[in-house]
Amino acid sequence: MSKNWSVKRKVILLALFSTLIPLFIIGPVTFLYLNKVIENKVSITTSNFLSAVDWNINTFVTDIENVSNIIFSSDDIQGYLSYKKVSPRLYILETLSKNLLRNITIVNKPYINAVYIGNGQHEFLKLNKGESNYTGNIYNHIKDASWYTVLKQSDWAGVWVKGNETSLVKGDKSPLMFGRIIRDIGTSEEIGVSIISVDKAVFNNMFKDIKTDGDILIMDNKNIIYFSGSEKKFKTKELANILENTGDQSKVIKKINGTKYSVNFHTNVKTNWKIVSIIPYQNIVKEVNYIRIINVLLLVTSFFISVLSALLISKKITKQLTLLRIVAKKMESREYISGITFDNGDEIGNIGNRFVELYNRNNELTVKLYESQLKEKEAELLALQSHINPHFLYNTLNSIFWMAEKAKVKPIAKMAVSLSKLFQLTLNNGKHITSVRNEIEQVNSYLQIQNIRFDNKIEYLIDVDPSILDEKIIKLLLQPIVENAVQHGLEQQKDQGKIIIKGVKKEGMMVFEVTDNGVGFNSEEVFLKNQGYALKNINERIKLYYGPEFGLSITSKSNIGTKVVLTIGIKSEEYV
């Protein structure tokens, strides 16, 4: 069925498929690519701010550890914890220790809520803000806490703990604390513990300039230390399992509580805490969804525009094709085409106008060719009226030659030979192409005959470049010009006549000059004549065969002479 489809239908289908291919191939590929690009962009941005948070945490942790180091190495605190008696000396050591902590916490470390120093004998709690959560012995509560075992195993280093069971400050639920065993610097004997309770608002300050569509949390292996949103939103155990199963990756896309999230995290080397960013996946791809909607709308719009354009273009194309069909029909019947004009705005219009132009020009050239052939035949008939039976002429001239030889009349014999040769070269076995050599011989035979007629009145010189003697030309070009020079230039004068014939090869063409010292004539009047071998006839034959740039030119002056110049093209033997 598709073989019988019209061009209009094919153009419309081409437009439809050209639109549907981008719609169903380029569109989905673009969406997937954009998804990936935006995911990577969000991941890189998130990793950058997690690295910044990691640096802030390192600074904060180092500050707390430095405070712990000051406490650990203080002679006053060492003395206080080592002193066994209850005496004014103990009071002095306690006062000195509290003064040390006051200078540290109030002036330099506002994010420290409280610092506990103590052992089984004596203790004190230095509060920076709020009020104490305990009225009695605090050390026993610390010993009973689940994290105390971890603290005891920490040797000289301290540990970060989530103190859900032992909040030092009233109202501070699940506080973050840094605990450390204090040992005698000289004996390494355990003499007490120090607990620094931290206000988790310090993390709010770290994250206050960070803008994100999700939540940020800090967690250790068991507990969520800090969460920017609601802690009930995610289960600690579920998050821990996700982070444990990521391997070397720092980004995963997982479903949590039925919702898809992009989870990025960074592990702090000092504390082994994981800084986690949890962003709903829908927030990441929402820009892609907008782009998807816009692309679909654009593609649908393009689809309808392409259909409309296809209808208009197909209408224009079919109009041009209809004109082509009319032109083809006229060409088939060999009619002259006029009144049909194509629109040059497209290739079909250009081709159509070119066809019409070439067809009409071809018809004109055909007519000219017929005219040229008729003129050539006319020239041959007028020059050789008796060539209907050339053998009869040759035989007759041959008989005249032998009769003249027998009678010892040399001029008659010479004229018979020259005339026979002239006829032979003119006929040229019926071909219209001859060689320069034959043309020169034909001229030579003609001049020999005329010299016999006029008693050697004509002096002639033939100077032709030997390199062009074998070049091909159309016949009967030079002899009619020489004949014209004899009849109209030399016969009418009493003095000796002179004809010079030259031929050279120049710039890819042949140039022949025929010069006489005859009476001269008006070259324009002669050129307008159209009889027999008239100069106009020769000029037209040259232009028809070789091209408009070739032809004949005449310069003539009365009582001085005439000069005729022929410019003739050179064609290969195969072409001629």
Side-chain angles (χ1 to χ4, degrees), residues 379-380 382-387 390 393-428 434-466 468-469 473 475-504 512-521 526 532-535 538 552 554 556-566:
E380 291 182 8
L382 292 175
L384 302 169
Q385 292 182 357
S386 63
H387 84 279
L393 291 175
Y394 297 153
N395 293 335
T396 302
L397 290 171
N398 191 43
S399 298
I400 294 172
F401 170 76
W402 288 113
M403 289 172 66
E405 283 287 324
K406 188 178 288 187
K408 297 183 180 181
V409 184
K410 294 290 183 181
I412 296 175
K414 187 176 180 181
M415 181 179 285
V417 171
S418 297
L419 185 59
S420 175
K421 196 168 187 179
L422 178 67
F423 283 149
Q424 183 181 7
L425 293 170
T426 301
L427 293 174
N428 195 32
T434 185
S435 65
V436 174
R437 188 187 303 277
N438 287 347
E439 278 287 290
I440 296 301
E441 287 183 10
Q442 186 182 26
V443 168
N444 191 51
S445 298
Y446 171 78
L447 289 172
Q448 287 178 4
I449 293 172
Q450 294 298 341
N451 263 333
I452 293 171
R453 285 183 60 207
F454 297 112
D455 195 20
N456 293 317
K457 179 184 177 181
I458 301 172
E459 179 186 349
Y460 64 91
L461 172 66
I462 298 176
D463 180 14
V464 177
D465 187 350
I468 66 171
L469 289 175
I473 61 172
K475 66 180 181 179
L476 293 175
L477 292 181
L478 295 176
Q479 189 272 335
I481 294 173
V482 173
E483 183 177 346
N484 195 68
V486 172
Q487 291 179 357
H488 301 287
L490 302 181
E491 280 187 8
Q492 301 175 24
Q493 68 179 14
K494 298 179 180 180
D495 299 332
Q496 183 81 10
K498 188 174 183 179
I499 295 177
I500 299 174
I501 302 166
K502 293 183 179 181
V504 294
F512 295 94
E513 295 179 0
V514 179
T515 307
D516 67 71
N517 63 346
V519 296
F521 56 87
V526 173
Y533 281 107
L535 298 178
I538 296 172
L552 177 149
I554 305 172
S556 182
K557 292 184 180 179
S558 297
N559 302 320
I560 293 177
T562 303
K563 180 180 180 180
V564 180
V565 180
L566 290 175

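Keep in mind that the numbers below use all heavy atoms, side chains included, and drop hydrogens, waters and symmetry copies.
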Problem - Side-chain donor/acceptor of Glu439 to backbone N/O of Leu477, under 3.5 Å - result: yes
Exercise for the section: With Asp516 as reference, evaluate Ile499, Ile481, Val564 under the side-chain contact (heavy atoms from CB on, under 4.5 Å) test and give the passing residue. Expected result: Ile499
Handout entry: Gap separating the CD1 atom of Ile458 from the CD1 atom of Ile449, nearest 0.5 angstrom
Key = 11.5 Å
Exercise for the section: Measure from the side-chain N and O atoms of Glu513 to the backbone N and O of Ile501, and report whether any donor-acceptor pair falls under 3.5 Å. Expected result: no
Problem - Approximate separation, where rounding is to 0.5 Å, of Ile538 CD1 and Gln479 CD - result: 9.0 Å
Practice task
Kindly write out the residues that satisfy salt bridge (Lys or Arg N to Asp or Glu O under 4.0 Å) with Glu459, not counting sequence neighbours, or none if the list is empty.
Solution key: none
Handout entry: Heavy-atom side-chain proximity of Val486 to Leu447 below 4.5 angstrom
Key = yes
Practice task
For Val519, check side-chain contact (heavy atoms from CB on, under 4.5 Å) against everything at least two apart and list the hits.
Solution key: Gln492, Gln493
Completion exercise
side chain to side chain donor-acceptor pair (under 3.5 Å) filter on Asn444, not counting sequence neighbours, yields Tyr460
Completion exercise
CZ of Phe512 to CG of Asp465, rounded to nearest 0.5 Å, is 9.5 Å
Handout entry: Pairwise side-chain contact, Val464 with Ile462, heavy-atom cut-off 4.5 Å (strictly under)
Key = yes
Practice task
Tell me, yes or no, whether the heavy-atom count around Lys457 atom NZ, taken from other residues, nucleotides or ligands under 6.0 Å, exceeds 12.
Solution key: yes
Exercise for the section: With side-chain hydrogen bond (donor to acceptor under 3.5 Å, both in side chains) as the test, would you mind laying out the steps for Gln442 and Tyr446 before giving the verdict? Expected result: CA-CA 6 Å; Gln442 186 182 26; Tyr446 171 78; over 6 Å; no
Practice task
For residues Val443 and Glu441, determine if any side-chain heavy atom of one lies less than 4.5 Å from a side-chain heavy atom of the other.
Solution key: no
Handout entry: Student check: side-chain heavy atoms of Thr515 and Thr562 closer than 4.5 Å
Key = no
